[in-house]
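Quick notes on the structure that follows.
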Amino acid sequence: MALNTSADAPLPVGQVSRLIGGWIDRLGAVWVEGQITQLSRRPGAGVVFMTLRDPSHDISVSVTCYRQVFDAVADVVSEGARVVVHAKPEWYAPRGQLSLRAAEIKPVGVGELLARIEQLKKRLSQEGLFAPERKRPLPFLPQLIGLVTGRASAAERDVLENARHRWPAVRFEVRNVPVQGVHAVPQVVQAVKDLDAHGEVDVIVVARGGGSVEDLLPFSDEQLIRAVASCRTPVVSAIGHEPDSPLLDLVADLRASTPTDAAKKVVPDVGEEYERVRWLRDRARRCMNAFLEREDRGLAHALARPSMEHPHRMVEEREEQVSALVDRSRRTLGHLLDRAGSELTHTHARVVALSPAATLQRGYAVLQKPDGTVVRSPGDVSVDEELRARVAEGEFHVRTVEQDARTAGQTDQGSARAADADRTEF
């Protein structure tokens, strides 16, 4: 369709429409899946008109088929049914409208829907969207609860009435949306996102009062599952359908079996909490009384001990022991001193007996040369050599004389005794 056009040479609308129609006519037939939202079967008309919509997106396309094509599935197909259509795109030039000309229509059975849901479940599970560690705990007492449910539905009434009966001060932020049909998924997703962005909402409850598998398909839609998984606010699923659990139950932080059960799990019961507080208060009082009684008995037992009743008795008993030990230590020290004194006396006597002074006391004398050398033999002195004689009472000077060598020792000793008294020095 590459055309040379300009503001001065534009194409007429009819020609553009015909060119588009020619390009679309070259397209082949395709299989399309969707949900029937509008169905028009005029009596006597040979053509049936319907609108096929994508449940996950706000996109729809018109479908036409001959009456005999639709009559083949008329008993099992109606508005809201999911079908697979084998159709060829057509372009209606007068209105510039695209449509599909269906040559075959097949209803999507429950088994096929459940199989697709199971495939989606496995794929999302592999991504970790259903992992237990992603679950967040609910607040004990939410200040504001976001509720996504159908308008004036039994689910809305059950949640509001049961929650307010349990905790009268609870507040709700309600978003009424379609909970089945072609408009359910986008509006439920938008409601969840709005409540998640609300700064005061502490928990979000998505509620519906059960239904068939087809009715609950919006709560297994991938777009809704990913929206709930990305929420920062805890989400509670209260679809109320036990046999076939939608995927919303798996991705939500908490699954409630019914909307009434959701109200019980989200909001505490004021009566039960009052009883719990009273029970805890009584238990605390009993524990405290038992503790005080136990400590009082322990104190009484401690005060009844002899050391507490007669605190000086221990000191008195120890005083006698200390006195005995002091006396014993004194006796021991006295014995040690006496023995040491006796040993010292004996040692002193031995020293005195062995000292040179004691020898001198017995009449001996020591001869020394002027330089202090002790004379040990007659040969150590010469004639007329002056010596110093040391006795017990002092000393005096002596002089040697020549004598016979045999009596030299006696002469020296006698000369010492006969020396002049006026030359003796003391």
Side-chain angles (χ1 to χ4, degrees), residues 117 130 132 134-181 183-185 187-196 198 200-221 224-225 227-229 231 233-279:
I117 292 175
F130 305 149
R134 291 177 54 91
K135 309 297 182 182
R136 291 157 296 186
L138 302 186
F140 169 71
L141 181 59
Q143 300 299 315
L144 183 63
I145 301 174
L147 177 60
V148 180
T149 186
R151 185 181 302 277
S153 62
E156 178 182 6
R157 183 176 63 254
D158 291 344
V159 173
L160 296 180
E161 291 182 357
N162 284 278
R164 287 168 180 162
H165 176 73
R166 293 172 62 83
W167 199 273
V170 66
R171 296 184 299 122
F172 280 91
E173 185 72 20
V174 181
R175 294 289 187 274
N176 293 121
V177 295
V179 290
Q180 68 181 57
H183 301 287
V185 173
Q187 294 196 30
V188 172
V189 170
Q190 187 60 43
V192 170
K193 291 182 178 179
D194 291 345
L195 292 175
D196 185 48
H198 199 293
E200 297 182 3
V201 173
D202 297 325
V203 62
I204 301 173
V205 178
V206 181
R208 175 193 162 89
S212 63
V213 176
E214 293 85 350
D215 294 337
L216 299 181
L217 286 178
F219 299 99
S220 294
D221 187 86
L224 176 60
I225 301 306
V228 172
C231 284
T233 308
V235 178
V236 177
S237 174
I239 304 306
H241 193 261
E242 289 289 349
D244 299 310
S245 176
L247 298 185
L248 179 62
D249 290 348
L250 303 178
V251 74
D253 297 288
L254 179 67
R255 177 186 180 274
S257 58
T258 61
T260 301
D261 183 50
K264 294 180 179 179
K265 292 182 176 180
V266 171
V267 180
D269 184 84
V270 63
E272 293 178 359
E273 295 304 319
Y274 176 78
E275 289 298 322
R276 184 177 290 108
V277 169
R278 186 183 62 81
W279 180 79

Without swapping roles, check the side chain of [X] against the backbone of [Y] for a donor-acceptor pair under 3.5 Å.
X      : Y      : result
Lys265 : Arg255 : yes
Thr233 : Ile204 : no
Asp202 : Gln143 : yes
Ser220 : Leu247 : yes

Between [atom1] of [X] and [atom2] of [Y], what distance do you get to the nearest 0.5 Å?
X      : Y      : atom1 : atom2 : answer
Leu250 : Ser237 : CG    : OG    : 8.5 Å
Leu195 : Gln190 : CG    : CD    : 10.0 Å
Asp221 : Ile117 : CG    : CD1   : 10.0 Å

Q. According to the side-chain hydrogen bond (donor to acceptor under 3.5 Å, both in side chains) rule, which pairs have a member within residues 164-173, sequence neighbours left out?
A.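 As it turns out, the side-chain hydrogen bond (donor to acceptor under 3.5 Å, both in side chains) pairs with a partner in residues 164-173, which skip direct neighbours, are Glu173-Arg175.
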Considering non-hydrogen atoms only, spot the tightest contact between [X] and [Y] and give its length.
X      : Y      : value
Ala252 : Val235 : CB-O, 3.6 Å
Val159 : Ala207 : CG2-CB, 4.2 Å
Ile225 : Leu248 : CD1-N, 3.5 Å
Ala263 : Ala163 : CB-N, 3.7 Å
Ala262 : Val205 : CB-CG1, 4.2 Å

Please tell me if the side chains of [X] and [Y] come closer than 4.5 Å, counting only heavy atoms from C-beta onward.
X      : Y      : result
Leu141 : Pro268 : yes
Pro142 : Val266 : yes
Val251 : Phe130 : yes
Leu160 : Leu147 : yes
Val179 : Phe219 : yes

Q: Not counting sequence neighbours, list each pair that qualifies as a salt bridge (Lys or Arg N to Asp or Glu O under 4.0 Å) and has a residue in residues 134-162.
A: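 Checked against salt bridge (Lys or Arg N to Asp or Glu O under 4.0 Å) - neighbours excluded - the pairs reaching residues 134-162 are Arg136-Asp253.
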Q. Any salt bridge (Lys or Arg N to Asp or Glu O under 4.0 Å) pairs touching residues 270-279, not counting sequence neighbours?
A.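 Every pair satisfying salt bridge (Lys or Arg N to Asp or Glu O under 4.0 Å) with a residue in residues 270-279: Glu273-Arg276, Glu275-Arg278, Arg278-Asp282.
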Q.
Name the residue from Val206, Val192, Thr149, Val188 that meets the side-chain contact (heavy atoms from CB on, under 4.5 Å) definition with Val177.
A.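 Testing Val177 for a side-chain contact (heavy atoms from CB on, under 4.5 Å) against Val206, Val192, Thr149, Val188 leaves exactly one candidate, Val188.
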